[in-house]
Amino acid sequence: MRVGTGYDVHRLAEGRKLVLGGVSIPHEKGLEGHSDADVLVHAIMDALLGAAALGDIGQHFPDTDAAFKGISSMKLLAHVGGLLEQEGYVIGNLDATVIAQRPKLRPYIRQMEENVASTLGISKGQVNIKATTEEHLGFTGRQEGISAQAICAITGLYEASVPAFSGHPGCGQCSGCGGRG
């Protein structure tokens, strides 16, 4: 099993849509960025890429590349899911937290989870998304930006399909070879 973590932050700005987990959320400000600036999906992608030792989103989707200007982060997530599949990894689970003072995100969480699961071709039961505030502390508490953290577990296809080694039969030292190895 491999574990990866991801973190992202974007500044709130006038004239932008607020998109989190592929859901457009009504709010007076949106997140500033080269793509749609979906901070939640960016953290999830970095966690997945990190677990597979495939770099980070800046390496795969540089903000200097016009091809990614305004792109949906869900399209980028689908690409990351394809990279994991190509490398022989399956996703065990994802857990993510969005940190925002406003807006309240509870009504949108279920749809975010469904969007992420569907895009990655996994079950909704493998995705958990939470939201919290920072009690008016820090840049998120002052409503200057929104951040997100994510963690995931992935397994190689080979590793997932072969039972764990249980020792040699008859071993008094491992669980079965009598010390003969």
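One-based numbering along the sequence shown. When reading the values below, keep in mind they use all heavy atoms of this one structure, side chains included, and skip hydrogens, waters and symmetry mates.
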Report yes or no: do [X] and [Y] belong to one cluster of Ile/Leu/Val/Met/Phe/Trp/Tyr joined by side chain heavy-atom distances under 4.5 Å?
X: I129; Y: I151; answer: no
X: V39; Y: I71; answer: yes
X: L76; Y: L83; answer: yes

To the nearest 0.5 angstrom, please state how far the [atom1] atom of [X] sits from the [atom2] atom of [Y].
X: M112; Y: I44; atom1: CE; atom2: CD1; value: 10.0 Å
X: D56; Y: H42; atom1: CG; atom2: NE2; value: 12.0 Å
X: I91; Y: T155; atom1: CD1; atom2: OG1; value: 10.5 Å
X: D36; Y: K75; atom1: CG; atom2: NZ; value: 10.0 Å
X: E85; Y: E87; atom1: CD; atom2: CD; value: 11.5 Å

So, does [X] use its side chain to make a donor-acceptor pair with the main chain of [Y] at under 3.5 Å?
X: H10; Y: G33; answer: no
X: R2; Y: A51; answer: yes
X: Q111; Y: Y108; answer: no
X: Q101; Y: T140; answer: no
X: D38; Y: G21; answer: yes
X: R16; Y: L31; answer: yes
X: D46; Y: I57; answer: yes

Task: Of L48, N115, L84, the residue whose pairing with L120 passes side chain to side chain contact (heavy atoms under 4.5 Å, CB included) - done: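 Only one of L48, N115, L84 forms a side chain to side chain contact (heavy atoms under 4.5 Å, CB included) with L120, namely L48.
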Open item on the list: My understanding is that only one of S24, S35, S72, S73 makes a side chain to side chain contact (heavy atoms under 4.5 Å, CB included) with V19; could you say which?
Closed with: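 That would be S24; it is the only one of S24, S35, S72, S73 passing the side chain to side chain contact (heavy atoms under 4.5 Å, CB included) with V19.
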Closest heavy-atom pair and its distance - [X], [Y]:
X: A47; Y: G6; value: CB-N, 3.6 Å
X: Q126; Y: I122; value: OE1-CB, 3.1 Å
X: E134; Y: I99; value: CG-CG2, 3.3 Å
X: L105; Y: I25; value: CD2-CD1, 3.7 Å
X: V116; Y: M74; value: N-CE, 3.9 Å
X: S147; Y: Y7; value: CB-OH, 3.7 Å

Quick one: do [X] and [Y] make a salt bridge, cutoff under 4.0 Å?
X: E28; Y: R102; answer: yes
X: D95; Y: K130; answer: yes
X: E113; Y: K124; answer: yes

TODO: Verify whether the ring centers belonging to H79 and F61 lie closer than 6.0 Å.
DONE: yes
- [ ] Determine, stepwise, if the pair L54 / H60 fulfils side chain to side chain contact (heavy atoms under 4.5 Å, CB included).
- [x] CA-CA 9 Å; L54 294 174; H60 290 273; 4.3 Å; yes
- [ ] For the pair D8 and L40, evaluate side chain to side chain contact (heavy atoms under 4.5 Å, CB included) and give the outcome as yes or no after the intermediate values.
- [x] CA-CA 7 Å; D8 199 31; L40 171 61; over 6 Å; no
Open item on the list: For V90 and I154: C-alpha separation, side-chain torsions, deciding distance, then whether side chain to side chain contact (heavy atoms under 4.5 Å, CB included) applies.
Closed with: CA-CA 6 Å; V90 287; I154 65 172; over 6 Å; no
Task: Full working for side chain to side chain contact (heavy atoms under 4.5 Å, CB included) between T133 and K104 - done: CA-CA 9 Å; T133 70; K104 294 297 182 191; 3.9 Å; yes
Task: Contact check, side chains of P26 and L18, non-hydrogen atoms, under 4.5 Å - done: no
